[in-house]
There are 2 protein chains.
Amino acid sequence: MTTTIAPHRSKGRPRFDRAVALERALGVFWRRGYEPASVAELCAAMEINPPSLYAAFGSKAQLFMEAVEHYERIYWDAAWERLADVADVHEAIAGFFHDAVRILTSQDAPCGCLVILAATNVSAESQEVNDALKALRKEGRDWFLARLQRAVSDAQLPAQTDTDGLAAALNTMLEGLSLQARDGASQDELTRIVVVAITMLPDSPRR
Amino acid sequence: MTTTIAPHRSKGRPRFDRAVALERALGVFWRRGYEPASVAELCAAMEINPPSLYAAFGSKAQLFMEAVEHYERIYWDAAWERLADVADVHEAIAGFFHDAVRILTSQDAPCGCLVILAATNVSAESQEVNDALKALRKEGRDWFLARLQRAVSDAQLPAQTDTDGLAAALNTMLEGLSLQARDGASQDELTRIVVVAITMLPDSPRR
DNA sequence: GTTCATTTGTAGCGTCCGCTACAAACAGTC
DNA sequence: GACTGTTTGTAGCGGACGCTACAAATGAAC
C-alpha cells in the first residue's frame, strides 16, 4: 500500500502527513474507544498539536468517523467481499467468521471491532457518531441476509429457512465476538466459538 | 418485594431511604451506562445531594458496583437458577434465553445488560469496575459450562461435545443479544434470534 | 430544654475535557 | 529580499466532571 503522493503544490508551510496521522488516530481509537481517547492522547500519537488536528479533521467526532471509514475499508471490505464471492454458503459463512477472528485479534491490545464497541456508552452530545455506527452495524446484518437469501434461491439452504432470523443471529454472534475479543479472548478461543456458531446454518436440503 | 424496615435506632437526623435510592441509581446506570451517568444526574434521580451519596455509598464506582449486585440478584439470579434446575438441557437453555430476552427488553429505553455493556469503553482510572464486571461476565460462561457438562454426563448431549466451545458460544450469543437490545431490537426480533441460537446445541444422542 | 451525633443543602474545589486565539515559523511568489 | 498565504506551537478559554468543606437543620438522649 503506497500513500498517494501529494507533491505540495500550494504556498505556505507544508502540512503534516494526513494519511499517517489518520492511521495513528485509528490505532488510538481502536485500542481505547471513542471517548476514552482524549484529544491530547490522539495528538501525542499523531505527533501534531490540537490546532493542526482541528484544521485538518474538523473535530474529534469527524476524525473518528474518518478513522472508522478507513478501518472498514482496510480491514472488513475484503471479508464482506469474500462472503459474497464464495459460491458455497457454508464455506462462505465459515470463511467470513474465520476472517473476523483474525481481524478482531489483529491488534496487540484486546480491542474487538471499532464499529461495534468503540462508541458504546457514548454521551448524548455525540449522538451523530452513535447513529452512524448503528447504521454500519445494521449493514452487517443486511450483508448476511443477502447472502442467505441467495443461498436459499440457489437451493443451498432449505426453502423454509428464516433468513431474517438467521441473519440477525449471525450478526449477533459477530458482535458478541467483539466483546469476547475485548475481554481478552485468544485467537484459539474465538476460533472454537465460531466453529460452534456456524452450526446455526441449516444443512443443505436433500437433493 | 418489601423493603427491610430499619426502624431508625441511632441518634441524629434520619438518613434517606437507601434501598429506594439504590434502585433509582440502578435505573440511571442501566439506561445511560456507567460513565455517561453523571453524579449530578444520579443525585437528581435519587433525590439526594452529592454529600449524601458519598456518605452512603463511598464513590460513584462503589455505588455502581452495588447497583450491579442488586441488578444481578433481582434480574438474573432466578434465570440462572432455572437453567440449573430444569432437567432437560434443551429446555433449560431455551428457557434461559427466553428469560434473557425478557430481561434485556424490560426497561422502557433500549439498554441491554448492565454487566455486559454499562462499562465498556471506561477510562483506565476505574479499572477496578471493569475487572469486576469482566469476572461477572466470565461467571456466565462458567454456568453454561457446568450445565452442559452435566447434560453430557446425563447423556442428553453427545459425549464428544466440545462443552468449552459450546459454553463460550452460548455466552457470546448472550452478550451479543445485549448489543442488539441496546441498538433497539424489539422483543420479537430478539426472540427470533434466540430460536436460531439454541440450534447450536447438538441433538440428544441416539438411545 | 439542652446536648450532641448525624445528615442535609449550598457552594465550590481541583482537574480534565474539547476546542481555539494568537503570533512566530515556514515556504513558495515576485 | 520583501511579500503573502498557510501551518505550526504555545497557552489558555469555558465548561463539565467527581468529589468535598462547611454550617445549618434535624431528632434521639438525658
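Below, chain A is the first sequence line, B the second, and so on; all start at residue 1.
Here the C1' atom of nucleotide C/dG9 and the CZ atom of B/R15 are 15 Å apart, to the nearest Å. The CD-P distance, from B/E35 to D/dC17, rounds to 12 Å in whole Å. Going from atom CE of B/M46 over to atom C1' of C/dT8 covers 15 Å, rounded to whole Å. When rounded to the nearest whole Å, the span between CG of B/L63 and C1' of D/dG18 equals 13 Å. Rounded to whole angstrom, the span from the NZ atom of B/K60 across to the P atom of D/dC19 amounts to 8 Å. One can place CZ of B/F57 at 16 Å from C1' of D/dG18, the figure rounded to the nearest angstrom. For the pair A/N49 CG and D/dG12 P, the interatomic distance rounds to 15 Å; values are reported in whole Å. If you measure from atom CG of A/L42 to atom C1' of C/dC17, you get 12 Å, rounded to the nearest angstrom.
For B/P51, the listed nucleotide lying nearest its side chain is C/dG9; candidates were C/dG9, C/dT7, D/dT10. The B/P14 side chain lies nearest to D/dG27 when the options are C/dG9, D/dG27, C/dC19. Nearest to the side chain of A/Y54, among C/dT6, D/dG18, C/dT20, sits C/dT20.
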Test side-chain contact (heavy atoms from CB on, under 4.5 Å) applied to A/W76 and A/W143, step by step = CA-CA 12 Å; A/W76 287 96; A/W143 278 316; over 6 Å; no
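In summary, the aromatic rings of A/F144 and A/W80 are positioned with their centroids under 6.0 Å apart.
Taking a cutoff of 4.0 Å between a charged side-chain nitrogen and a carboxylate oxygen, B/R192 and B/D188 do not qualify as a salt bridge. Ion pair B/D85/B/R82 not flagged as a salt bridge, since none of the NZ, NE, NH1 or NH2 atoms sits closer than 4.0 Å to an Asp/Glu carboxylate oxygen. Between B/K134 and B/D131, no side-chain nitrogen of the basic residue sits less than 4.0 Å from a carboxylate oxygen of the acidic one, so the salt-bridge criterion is not met.
Using a 4.0 Å heavy-atom criterion, one finds that B/A37 contacts the sugar-phosphate atoms exclusively. Residue contacts shown for B/A61 are absent, as no nucleic acid heavy atom lies under 4.0 Å away.
Two residues, B/P50 and B/F16, neighbour DNA chain C, and the one matched to the more 5' nucleotide by heavy-atom proximity is B/F16.
OP1 or OP2 of C/dA27 has not a single side-chain nitrogen or oxygen of A/R13 nearer than 4.0 Å. For the pair B/S52 and C/dT7, the criterion of a side-chain N or O lying under 4.0 Å from OP1 or OP2 is not met.
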